[in-house]
Chemist: 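Sending over a structure as structure tokens; questions will come in a sec.
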Amino acid sequence: MCRLVAAAEEVAGDYYDVIPLSDGRLALAVADVSGHGLGPSLIMAAARAMLHVLTGHAPSRDRF
């Protein structure tokens, strides 16, 4: 699977992600928060973080 992420000049609440699950399957997440700007972007960032924690795909502390 391949994906391209291009840099944006504005922030918005659009989100997509492919998350590997522990049993070898892939989870596809697609979401949109109404509006544009910092508020919707922060809501989407929080939702992304929660999704990664719930699927067990949260970044390890060793990466930082």
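What you see is a predicted model; the values in this text were computed from it and never measured. What's counted below: heavy atoms across the whole structure, side chains too, no hydrogens, waters or symmetry copies. For the single chain, residues carry numbers from 1 onward in sequence order.
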Chemist: Could you give the distance from NE2 (His52) to CD1 (Ile19), rounded to the nearest 0.5 Å?
Modeler: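 It comes to 4.0 Å.
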Chemist: What are the two closest heavy atoms between Pro40 and Ser34, and how far apart are they?
Modeler: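 Nearest heavy atoms, Pro40 then Ser34: CG-O, 3.5 Å.
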Chemist: Going by atom type alone, with no hydrogens or angles, which donor-acceptor pairs under 3.5 Å involve a side-chain atom of residues 23-31 and a protein atom two or more places apart or on another chain?
Modeler:
unit_1	atom_1	unit_2	atom_2	d
Asp23	OD1	Arg25	N	3.1
Asp23	OD1	Arg25	NE	3.3
Asp23	OD2	Arg25	NE	2.8
Asp23	OD2	Arg25	NH2	3.2

Chemist: Is the closest side-chain heavy-atom distance between Tyr16 and Asp32 below 4.5 Å?
Modeler: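 When only atoms from C-beta onward are counted, Asp32 and Tyr16 do not touch, as no gap falls below 4.5 Å.
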Chemist: To the nearest 0.5 angstrom, please state how far the CG atom of Leu51 sits from the OH atom of Tyr15.
Modeler: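 The OH atom of Tyr15 is 5.0 Å from CG of Leu51, to the nearest 0.5 Å.
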